[in-house]
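Notes for the one structure printed next.
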Amino acid sequence: AEYMGTDVGLVQMKLHTDVAPETCKHISRFVQEGMYDGCCFYRADFAVQMGLRKPDFLVPVPTDHRLTVCETRLPHIRGSAAVFLGPKGETPNAKASEVFINLTDNPHLDETNGAYCVFAQVEESHFDVLEAIKAKKRPADVKQSKNVLIKRANMGIRDDPP
(Lines give C-alpha, C1' and ligand atoms only; values in the text may rest on other atoms or scores of the structure.)
Protein backbone atom coordinates (compact mmCIF):
# COMPACT_ATOMS: atom_id res chain seq x y z
CA ALA A 1 0.00 0.00 0.00
CA GLU A 2 1.07 3.59 -0.63
CA TYR A 3 1.18 5.63 2.54
CA MET A 4 2.68 8.50 4.46
CA GLY A 5 3.16 7.98 8.15
CA THR A 6 2.81 11.25 10.04
CA ASP A 7 2.91 12.22 13.68
CA VAL A 8 -0.93 12.36 13.65
CA GLY A 9 -1.57 9.09 11.82
CA LEU A 10 -1.31 7.18 8.58
CA VAL A 11 -2.45 8.58 5.21
CA GLN A 12 -3.06 5.76 2.76
CA MET A 13 -3.67 6.35 -0.94
CA LYS A 14 -4.09 4.58 -4.24
CA LEU A 15 -1.83 5.70 -7.09
CA HIS A 16 -3.34 6.37 -10.52
CA THR A 17 -0.61 4.43 -12.36
CA ASP A 18 -3.01 3.83 -15.24
CA VAL A 19 -3.41 7.53 -16.12
CA ALA A 20 -0.35 9.12 -14.48
CA PRO A 21 2.44 6.54 -14.79
CA GLU A 22 5.31 9.03 -15.19
CA THR A 23 4.09 11.17 -12.30
CA CYS A 24 3.72 8.10 -10.07
CA LYS A 25 7.26 7.00 -10.97
CA HIS A 26 8.54 10.53 -10.33
CA ILE A 27 7.02 10.72 -6.85
CA SER A 28 8.06 7.12 -6.15
CA ARG A 29 11.70 8.07 -6.82
CA PHE A 30 11.54 10.69 -4.08
CA VAL A 31 9.96 8.13 -1.77
CA GLN A 32 12.46 5.35 -2.59
CA GLU A 33 15.31 7.71 -1.78
CA GLY A 34 13.68 8.66 1.55
CA MET A 35 13.44 12.29 0.45
CA TYR A 36 10.08 12.94 2.14
CA ASP A 37 11.02 11.21 5.39
CA GLY A 38 11.49 13.89 8.05
CA CYS A 39 9.81 16.57 5.93
CA CYS A 40 6.45 18.05 6.87
CA PHE A 41 2.96 19.13 5.93
CA TYR A 42 3.26 22.90 6.25
CA ARG A 43 0.03 24.28 4.78
CA ALA A 44 -3.65 23.60 5.36
CA ASP A 45 -6.64 25.45 3.92
CA PHE A 46 -8.62 23.93 1.05
CA ALA A 47 -5.82 21.34 0.86
CA VAL A 48 -2.97 20.04 3.01
CA GLN A 49 0.42 20.49 1.37
CA MET A 50 3.82 18.92 1.84
CA GLY A 51 7.05 18.79 -0.08
CA LEU A 52 10.79 18.54 0.35
CA ARG A 53 10.86 20.95 3.28
CA LYS A 54 12.12 20.21 6.74
CA PRO A 55 10.11 21.59 9.67
CA ASP A 56 12.51 24.54 10.12
CA PHE A 57 12.11 25.52 6.42
CA LEU A 58 15.85 26.25 6.36
CA VAL A 59 17.11 22.88 5.18
CA PRO A 60 15.74 22.19 1.72
CA VAL A 61 16.47 18.71 0.47
CA PRO A 62 18.40 18.99 -2.80
CA THR A 63 17.09 17.10 -5.79
CA ASP A 64 17.61 17.00 -9.51
CA HIS A 65 14.50 15.02 -10.43
CA ARG A 66 12.37 16.71 -13.10
CA LEU A 67 8.87 16.02 -14.36
CA THR A 68 8.10 17.59 -17.72
CA VAL A 69 4.67 16.22 -18.55
CA CYS A 70 1.19 16.69 -17.13
CA GLU A 71 -0.51 13.37 -17.70
CA THR A 72 -3.96 13.74 -16.21
CA ARG A 73 -6.93 15.95 -16.23
CA LEU A 74 -8.54 14.06 -13.36
CA PRO A 75 -10.75 16.29 -11.23
CA HIS A 76 -9.51 17.80 -8.00
CA ILE A 77 -12.03 16.10 -5.73
CA ARG A 78 -11.87 15.60 -2.00
CA GLY A 79 -8.94 13.32 -1.23
CA SER A 80 -7.19 13.62 -4.59
CA ALA A 81 -3.41 14.09 -4.40
CA ALA A 82 -1.68 16.26 -6.99
CA VAL A 83 1.68 17.78 -7.81
CA PHE A 84 2.32 21.35 -8.94
CA LEU A 85 4.03 21.45 -12.34
CA GLY A 86 4.36 25.16 -13.06
CA PRO A 87 2.47 28.35 -13.86
CA LYS A 88 -0.67 28.17 -15.96
CA GLY A 89 0.02 28.04 -19.65
CA GLU A 90 3.74 27.25 -19.40
CA THR A 91 5.35 23.98 -20.44
CA PRO A 92 5.76 21.83 -17.33
CA ASN A 93 9.39 21.81 -16.24
CA ALA A 94 9.35 21.43 -12.51
CA LYS A 95 10.91 19.38 -9.79
CA ALA A 96 7.30 18.58 -8.90
CA SER A 97 8.06 17.63 -5.32
CA GLU A 98 5.23 19.66 -3.81
CA VAL A 99 2.24 17.40 -3.14
CA PHE A 100 -1.13 18.59 -1.97
CA ILE A 101 -4.20 16.63 -0.98
CA ASN A 102 -7.55 18.30 -1.56
CA LEU A 103 -9.73 18.55 1.55
CA THR A 104 -12.73 19.58 -0.54
CA ASP A 105 -13.72 19.43 -4.19
CA ASN A 106 -11.72 22.18 -5.93
CA PRO A 107 -13.03 22.48 -9.50
CA HIS A 108 -11.15 25.79 -9.97
CA LEU A 109 -7.93 23.72 -10.12
CA ASP A 110 -9.34 21.66 -12.98
CA GLU A 111 -9.13 24.73 -15.23
CA THR A 112 -5.44 25.50 -14.73
CA ASN A 113 -4.23 24.28 -18.12
CA GLY A 114 -1.93 21.53 -16.87
CA ALA A 115 -0.42 23.29 -13.87
CA TYR A 116 -1.44 20.44 -11.55
CA CYS A 117 -1.44 16.69 -12.07
CA VAL A 118 -3.67 14.44 -9.95
CA PHE A 119 -1.76 11.20 -9.38
CA ALA A 120 -3.45 9.51 -6.40
CA GLN A 121 -6.56 9.31 -4.24
CA VAL A 122 -6.56 9.08 -0.44
CA GLU A 123 -8.69 6.26 0.87
CA GLU A 124 -11.89 7.48 2.54
CA SER A 125 -11.00 5.71 5.79
CA HIS A 126 -7.95 7.99 6.15
CA PHE A 127 -9.73 11.34 5.84
CA ASP A 128 -9.72 11.68 9.63
CA VAL A 129 -5.91 11.95 9.47
CA LEU A 130 -6.19 14.72 6.86
CA GLU A 131 -8.55 16.57 9.18
CA ALA A 132 -6.08 16.07 12.07
CA ILE A 133 -3.31 17.57 9.92
CA LYS A 134 -5.52 20.56 9.15
CA ALA A 135 -6.45 20.98 12.83
CA LYS A 136 -2.79 20.97 13.85
CA LYS A 137 -1.88 23.47 11.11
CA ARG A 138 -4.90 25.76 11.57
CA PRO A 139 -5.86 25.80 15.26
CA ALA A 140 -8.19 28.44 16.69
CA ASP A 141 -5.09 30.24 18.03
CA VAL A 142 -2.80 30.75 15.03
CA LYS A 143 0.22 31.05 17.34
CA GLN A 144 -0.27 27.37 18.18
CA SER A 145 0.11 26.26 14.53
CA LYS A 146 2.45 23.29 14.14
CA ASN A 147 3.95 21.53 11.15
CA VAL A 148 2.97 17.88 10.82
CA LEU A 149 6.02 15.65 10.48
CA ILE A 150 6.20 12.93 7.83
CA LYS A 151 7.89 10.04 9.59
CA ARG A 152 8.03 7.73 6.58
CA ALA A 153 6.56 7.55 3.12
CA ASN A 154 6.07 4.33 1.15
CA MET A 155 5.14 3.71 -2.47
CA GLY A 156 5.20 -0.08 -2.48
CA ILE A 157 8.92 -0.13 -1.74
CA ARG A 158 8.90 -0.59 2.01
CA ASP A 159 6.68 -3.14 3.65
CA ASP A 160 6.91 -1.85 7.22
CA PRO A 161 4.44 0.92 8.10
CA PRO A 162 5.81 3.74 10.27
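Because only heavy atoms are used, hydrogens play no part in the values below, and waters and symmetry mates are left out as well, while side chains stay in. Numbers for residues simply follow the sequence, beginning at 1.
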For this session: Evaluate side-chain contact (heavy atoms from CB on, under 4.5 Å) for Phe41 paired with Val8, printing each intermediate quantity in order.
Result: CA-CA 11 Å; Phe41 281 92; Val8 296; over 6 Å; no
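In this structure, Glu22 pairs ionically with Lys25, as a charged nitrogen and a carboxylate oxygen lie closer than 4.0 Å.
Of the options Thr6, Asp7, Leu10, a side-chain contact (heavy atoms from CB on, under 4.5 Å) to Lys151 is made by Asp7 and by none of the others.
With a 4.5 Å cut-off on side-chain heavy atoms, Met4 and Met13 count as touching. Contact of the Val19 side chain with the Glu71 side chain is not registered, since no non-hydrogen atoms from C-beta on lie closer than 4.5 Å. In this structure, Thr23 and His16 have side chains that are not in contact, with every pair of non-hydrogen atoms separated by 4.5 Å or more.
The two atoms that bring Phe100 and Ala47 nearest to each other are CD1-CB, 3.9 Å, heavy atoms only. In this structure, Val118 and Leu74 approach most closely via the heavy-atom pair CG2-O, 3.6 Å. Scanning both residues, Cys117 and Ala20, for their nearest heavy atoms gives SG-CB, 4.4 Å. When all heavy atoms of Gly79 and Gln121 are compared, the pair lying nearest together is C-NE2, 3.3 Å. Of all the heavy atoms in Cys24 and Leu15, the pair that sits closest is SG-CB, 3.8 Å.
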Show the atom names and distances, to 0.1 Å, of all donor-acceptor pairs under 3.5 Å that link a side chain in residues 101-108 to residues at least two apart or in another chain.
from, atom 1, to, atom 2, distance (Å)
Asn102, OD1, Asn106, ND2, 2.7
Asn102, ND2, Ser80, O, 3.3
Asn102, ND2, Ser80, OG, 2.8
Thr104, OG1, Asn106, OD1, 3.3
Asp105, OD1, Arg78, N, 2.8
Asn106, ND2, Thr104, O, 3.0

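With Asp37 contributing its side chain and Ala153 its backbone, the two residues share a donor-acceptor pair below 3.5 Å. In terms of modelled atom types and a separation under 3.5 Å, the side chain of Tyr3 and the main chain of Arg152 share no donor-acceptor contact.
Using bins of under 30°, 30° to 60° and over 60° for the plane-to-plane angle, the ring pair Phe84/Tyr116 lands in the tilted bin.
With hydrophobic clusters built from ILVMFWY side chains whose heavy atoms lie under 4.5 angstrom apart, Ile150 shares a cluster with Phe127.
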